[in-house]
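A note on names: the letters A, B, ... follow the listed sequences, proteins ahead of strands, and every chain is numbered from 1.
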Protein chains: 2
Amino acid sequence: MQAKNINAHLTEISTYFKMAISVDCVIFGFDNDELKVLLIKSDLNEFTGKWSLLGDIVRPEEELNEAAYRVLKARTGLDHVYMEQVQTFGGVHRHPAGRVITVAYYSLVNIEQNELKKHGNELHWHTVKDVTDMAFDHREILQSCHERLKHKVIEQPVGFNLLPKKFSLRELQNLYEAILDVKLDRRNFRKKFLSMDLLVDLHEEEDDVPHRPARLYKFNFEKYDQRKKRYLGIGF
Amino acid sequence: MQAKNINAHLTEISTYFKMAISVDCVIFGFDNDELKVLLIKSDLNEFTGKWSLLGDIVRPEEELNEAAYRVLKARTGLDHVYMEQVQTFGGVHRHPAGRVITVAYYSLVNIEQNELKKHGNELHWHTVKDVTDMAFDHREILQSCHERLKHKVIEQPVGFNLLPKKFSLRELQNLYEAILDVKLDRRNFRKKFLSMDLLVDLHEEEDDVPHRPARLYKFNFEKYDQRKKRYLGIGF
DNA sequence: CCAAAAGTGTTGTGTCTACACCCATGG
DNA sequence: CCATGGGTGTAGACACAACACTTTTGG
């Protein structure tokens with residue numbers, strides 16, 4: 001903005017007091033070989049029975065991502081989680097209470113090490129593929145975040161945030177298949193990841209499985225960070 | 001947002017009346033083999049002499065992209081231009097007049113067929129690489145949009161919006177080199193684009209050049225749209 | 001010994017990179 | 001005839017896709 005002095009701005013700003021800003025969090029998890037999203041039952045009358053993303057109004061002295069982290073922490077207790085801003089939705093009538101423009105974030109959490117703070121609210125992990133109708137424009141927001149995640153996950157190693165620290169290659173492949181909604185060739189997948197030389201063989205194995213146990217790995221974030229990013233190519 | 005009834009929302013919204021939403025447009029052009037951006041001299045006292053993006057407050061009954069198109073049209077007279085939302089910047093003190101959260105868009109225009117509406121304001125095309133200090137957080141916004149454009153241009157044929165309808169392969173290569181800030185091999189570049197079979201040879205040639213004239217092409221958008229998008233690969 | 005998933009290589013196909021010379025035009 | 005950029009092909013390296021059998025464990 002420019003071409004106005006500050007007083008003109010102040011006048012203009014108070015004219016537009018009917019708007020509010022919110023953040024909405026698409027919290028992704030991975031469980032049972034499926035991509036999940038954490039939703040809550042809406043308790044607006046307009047949307048009774050529908051599921052809603054977790055969100056809140058942005059406070060006056062609060063950064064946008066602070067607001068998103070606050071929402072996330074309030075519901076999951078988690079902090080220091082991977083989070084990325086995706087898109088802002090400003091449909092004039094998207095919120096029945098007035099003009100509420102919302103900034104959408106997605107975050108990636110490990111469901112297993114996660115204690116939900118349910119507060120009596122109905123908070124549930126839903127399989128992303130099965131979510132149909134949602135409150136507000138939240139289905140559009142969810143899809144938009146899922147698309148962004150699909151792109152991100154083939155460009156950077158963010159998917160590991162959805163897995164436990166120790167994981168098998170099978171779990172990793174299932175994760176990619178769930179996010180991208182494709183089937184991948186097992187040998188080629190393993191070859192690709194092992195050849196990147198970023199997985200650390202922990203010399204441990206799965207436990208309590210009714211078949212041959214798989215080796216467990218962890219991702220070497222330090223090594224990845226030190227590498228020069230080569231753009232114009234795919235796969236990290 | 002959820003877990004509140006509408007009255008609670010209304011109360012909350014009026015509590016936060018000090019916020020305003022703006023849009024800021026990063027208008028890219030291509031001229032003289034350089035990526036350009038359209039900037040205006042800021043006339044806020046805090047930023048005298050600094051350059052600023054084109055932006056404005058979002059009106060109460062206006063969609064975000066409508067606001068962005070309005071700003072664009074007011075300055076360039078152009079409509080029906082490629083435009084994409086990039087990111088929302090909500091730093092608490094990013095605007096001296098108060099809390100102004102801004103949604104950043106970039107758009108791609110053809111400088112040649114473009115008549116600026118200068119209105120006495122100082123409006124100029126700047127070489128992106130040479131822009132240093134700007135008003136507000138506009139340099140960060142510019143960089144963010146440039147990054148997004150870099151990704152976009154290797155995934156989808158948006159770059160053609162910066163060129164005249166008829167262009168030579170050299171111009172196209174210069175465009176990619178300017179946007180990505182890399183040097184590309186001429187023969188490989190030509191091979192790649194010609195093999196996509198999306199450039200239409202117009203059987204015309206450049207004029208008024210002091211050397212052998214190049215063939216002119218146009219991009220076949222119809223053919224591109226009809227093709228199935230194959231993901232997980234680069235280059236359209 | 002049976003079921004279930006882990007682990008493992010090769011071959012063909014296509015894509016990317018590197019690289020040097022002749023051609024057409026204007027001046 | 002000179003300067004300037006236009007136009008062209010090939011060979012090696014690399015990445016990706018397709019594909020089947022043996023191994024290990026628990027029950």
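B:E206 has its side chain within reach of B:L216: a pair of non-hydrogen atoms, C-beta onward, lies under 4.5 Å apart.
A donor-acceptor pair is defined here as one N or O able to donate and one able to accept, closer than 3.5 Å; no such pair exists between the side chain of A:S144 and the backbone of A:E140. Between the A:R139 side chain and the A:V131 main chain, a donor and an acceptor come within less than 3.5 Å of each other.
Atom NZ in B:K192 sits roughly 20 Å away from atom P in D:dG7 (whole-Å rounding). If you take CG of B:D185 and C1' of C:dC16, they are 10 Å apart, rounded to a whole angstrom. For B:K183 and C:dC19, the NZ to C1' distance is 16 Å, given to the nearest whole Å. Rounded to whole Å, the distance from CE on B:M196 to P on C:dC16 is 11 Å. Computed from coordinates, the A:K191 NZ to C:dG9 P distance equals 10 Å when rounded to whole Å. Rounded to an integer number of Å, the gap from A:D208 CG to C:dA5 P is 16 Å. Rounding to whole angstrom units, CZ of residue A:R212 and P of C:dC2 are separated by 20 Å. Taking atom CG of B:L194 as the reference point, atom P of D:dG9 lies 11 Å away to the nearest angstrom.
Nucleic acid contact for A:R190: base, since at least one base atom lies under 4.0 Å from a heavy atom of the residue. Among the atoms of the strands shown, base atoms are found under 4.0 Å from some heavy atom of B:R186.
A ring-centre distance under 6.0 Å is found for B:F136 and B:F47.
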Evaluate side-chain contact (heavy atoms from CB on, under 4.5 Å) for B:I141 paired with B:L53, printing each intermediate quantity in order.
CA-CA 9 Å; B:I141 295 177; B:L53 298 171; 3.6 Å; yes

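Comparing A:P213 and A:N188, the nucleotide of DNA chain D nearest to each residue sits closer to the 5' end for A:N188. Judged by closest nucleotide on DNA chain C, A:R215 is the one of B:V209 and A:R215 placed further toward the 5' end.
Counting only heavy atoms from C-beta on, A:H211 has its side chain closest to D:dT25 among D:dT25, D:dT4, C:dT8.
Between the base of C:dA6 and the side chain of A:R187 there is no donor-acceptor pair shorter than 3.5 Å.
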